[in-house]
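Quick note: numbers below take in every heavy atom, side chains included, and nothing from hydrogens, waters or symmetry partners.
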Amino acid sequence: MKKIHLLLIKAFVKPFIATFFVMMFILLMFFLFKWIDDLIGKGFEWYTILELMYYASAANVSMALPLSVLLSSIMTFGTLGENYELVAIKSAGISLQKAMRPLFVVILMLTVASFFFANYMLPKANLKFGSLLYDIRNKKLSFLIKPGVFNNAIPGYAIRVDSKEEDGTLHNIMIYDHRENNGIPKVILAREGKMNKTADGKFLVLNLKNGVQYEEQSSKNGMYNPRQIFTRNRFKETSPRFDMSSFDPNTTDPNAFGNSTPMLNLKGIVRKRDSLTKQLDTMKMRTIANLNSNFKQFNVARGYTKVKAAPKEIDDVILKSIPNGSRKLALDNASSTVANIMQHVPNWGPRQTDLTGEIIFATVEYQRKFTLAASCILLFFIGAPLGAIIRKGGMGLPVVVAICFFLVYHIITTVAEKSAREGNLNPILGMWIAVIVLSPLAAFLTYKATVDSALFDVNYYKQLFLKLFKKREK
């Protein structure tokens, strides 16, 4: 048995390592293609880009590891079945379940390792990635400007300088503003300037000195008119502002630092979720108290009264039930009450929605620590029986089958997670629904592989159809 166990483990480990690194390389290339415009040719050192890719690769483990387990399981048992080694193992009295036990121990080790990785290593990697990405995006922006070359990094502008000093001072600056004026640019020339950012980081301020601004007003139809107004303004110092929204990718979490949920382990997520829940409960209590105070009957002499009045039937027109002398006072009180309520409602609604969404997101991230580990076990029990059934090794059919099943798993997970984060589905159910849906399939495939079912044998189905056809002819 020990030799068979070693044979199976060796047959599994080699394709697992190979497929894992291939998947990591492919996913890393996707990351590079996504960010290539923001990283390449922007003056960053090569080791900074490699460091960013290194931290980004940690997030790819959640996709590469389950897919590698599924693919290597299919390849291992498919190769054993294709070379009739699996038949020899079964003829020795060893069932498929017993043959899967040593690999199941390896998968359990991978499961435990993946859990600790998701709980301890991945939050730190996400924190390093977020902080490094923030540093890159907020680096001193004079690196964008290369002497003697027009730069179009800022939308609507073309900027050129003759020289640049180490402290960021620019000399002989030329700026073309193409944003408005029907395509006729506004030109700004200055002898020197320096780049700075506003405190909120939303705008770039270029402090220019000793320059001139040229502007030509176009006609209403945009056609050239020799009588167009041409203006020239000289200045000693001016500070045009440039919108930096184009340097703030929407795919990056703006709160990707210490207290952000993806940067926390299980204990940190629990503390944050409890804190958010307390804030939400406090806000609800204050909201209810504030609303109740506006509906209590106020008596000038005695304050809020606790006298119980008998219910009174009110017709469709409420004002008819109020005495004539008190209608104006009732309308004024109602108007002030509604105004007081509406003054606070716009502040309560969005904040309550944000807190609820953060609590749901914290619950999703908490469950994600466990779903990565569970997915390894689930896909192993799908891949190993599939390999024993299809009896094909190598990188052909097993790869196609593995990708198809992984896509089903990934699509279910993605759709359910999105629904959970939008509040349409329970977050715990949303993160585990893929495991719940595919577990019966894993049990079914394991049963079929145990009884040597020809589930994917084309010849079996051909013979079955021929038998049915002959019975109909009779």
Side-chain angles (χ1 to χ4, degrees), residues 8-9 12-28 30-31 53-76 100-129 261-270 361-384 386-387 402-403 405-414 416-417 420 427-428 430-439 441-442:
L8 293 172
I9 292 173
F12 174 80
V13 170
K14 290 181 180 179
F16 171 76
I17 295 175
T19 53
F20 178 76
F21 283 103
V22 169
M23 292 299 106
M24 289 292 291
F25 176 77
I26 293 173
L27 294 173
L28 198 58
F30 286 153
F31 166 81
M53 294 172 64
Y54 170 73
Y55 291 129
S57 62
N60 296 332
V61 174
S62 60
M63 290 189 64
L65 184 61
L67 181 57
S68 301
V69 170
L70 176 62
L71 182 56
S72 57
S73 301
I74 296 177
M75 292 174 63
T76 300
M100 291 171 59
R101 285 178 184 175
L103 296 185
F104 180 64
V105 174
V106 175
I107 296 300
L108 285 179
M109 295 172 61
L110 284 176
T111 300
V112 175
S114 65
F115 170 75
F116 282 104
F117 173 81
N119 192 34
Y120 296 102
M121 301 296 295
L122 187 57
K124 294 181 179 180
N126 288 335
L127 179 60
K128 292 286 187 180
F129 174 76
T261 306
M263 283 67 178
L264 300 175
N265 56 17
L266 291 178
K267 292 182 179 178
I269 293 176
V270 170
F361 183 59
T363 305
V364 168
E365 290 298 322
Y366 185 89
Q367 298 299 324
R368 195 191 304 277
K369 308 292 184 184
F370 300 95
T371 54
L372 173 60
S375 64
C376 295
I377 299 177
L378 172 67
L379 295 179
F380 170 74
F381 280 101
I382 292 177
L386 270 177
I403 291 176
F405 277 92
F406 183 77
L407 283 177
V408 173
Y409 170 80
H410 184 64
I411 290 172
I412 294 175
T413 303
T414 303
E417 180 181 348
I428 299 177
M431 294 303 295
W432 287 95
I433 192 170
V435 177
I436 296 173
V437 171
L438 295 179
S439 293
L441 176 63

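Ring orientation note: the planes of Tyr120 and Phe116 are close to parallel, at an angle under 30° on the 30°/60° scale.
Rounded to the nearest 0.5 Å, atoms CG (Leu70) and CG (Leu386) are 7.5 Å apart. Atom CD of Glu365 sits about 11.0 Å away from atom CG of Leu266, to the nearest 0.5 Å.
In this structure, the side chains of Met75 and Phe12 stay at 4.5 Å or more apart for every pair of heavy atoms. A heavy-atom distance below 4.5 Å is not found between the side chains of Thr371 and Val435. Using a 4.5 Å heavy-atom cutoff, the side chains of Phe16 and Leu110 are in contact. A heavy-atom distance below 4.5 Å is found between the side chains of Val270 and Tyr366. Counting heavy atoms from C-beta outward, Tyr55 and Asn126 have side chains that stay 4.5 Å or more apart.
A distance-only check finds no donor-acceptor pair linking the side chain of Lys369 to the backbone of Asn119 [under 3.5 Å]. Panel note: side chain Thr76, backbone Ser73; no donor-acceptor pair is recorded below 3.5 Å.
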Acceptor/donor pairs from residues 405-414 side chains to any protein atom, 3.5 angstrom cut, sequence neighbours excluded:
residue	atom	partner	partner atom	Å
Thr413	OG1	Tyr409	O	2.8
Thr414	OG1	His410	O	2.8

Less than 3.5 Å apart, which donor and acceptor atoms pair up between the side chains of residues 56-67 and the rest of the protein, not counting sequence neighbours?
residue	atom	partner	partner atom	Å
Ser57	OG	Tyr54	O	2.5
Ser62	OG	Ala59	O	3.0

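Between Ala420 and Pro427, the closest heavy-atom pair is CB-CA, 3.7 Å. In plain terms, the two heavy atoms of Ile433 and Gly430 that are nearest each other are CG2-O, 3.4 Å. Minimum heavy-atom separation, Ala362 to Ile269: O-CG2, 3.3 Å. Across Ile74 and Gly383, no two heavy atoms sit closer than the pair CG1-O, 3.3 Å. Here the closest heavy-atom approach between residue Leu372 and residue Ser114 is recorded as CD2-O, 4.0 Å. Closest non-hydrogen pair, Ala434 versus Leu378, comes out as O-CD2, 4.2 Å.
Under the side-chain contact (heavy atoms from CB on, under 4.5 Å) criterion, Glu417 pairs with Val364, Arg368, Arg421, Met431, not counting sequence neighbours.
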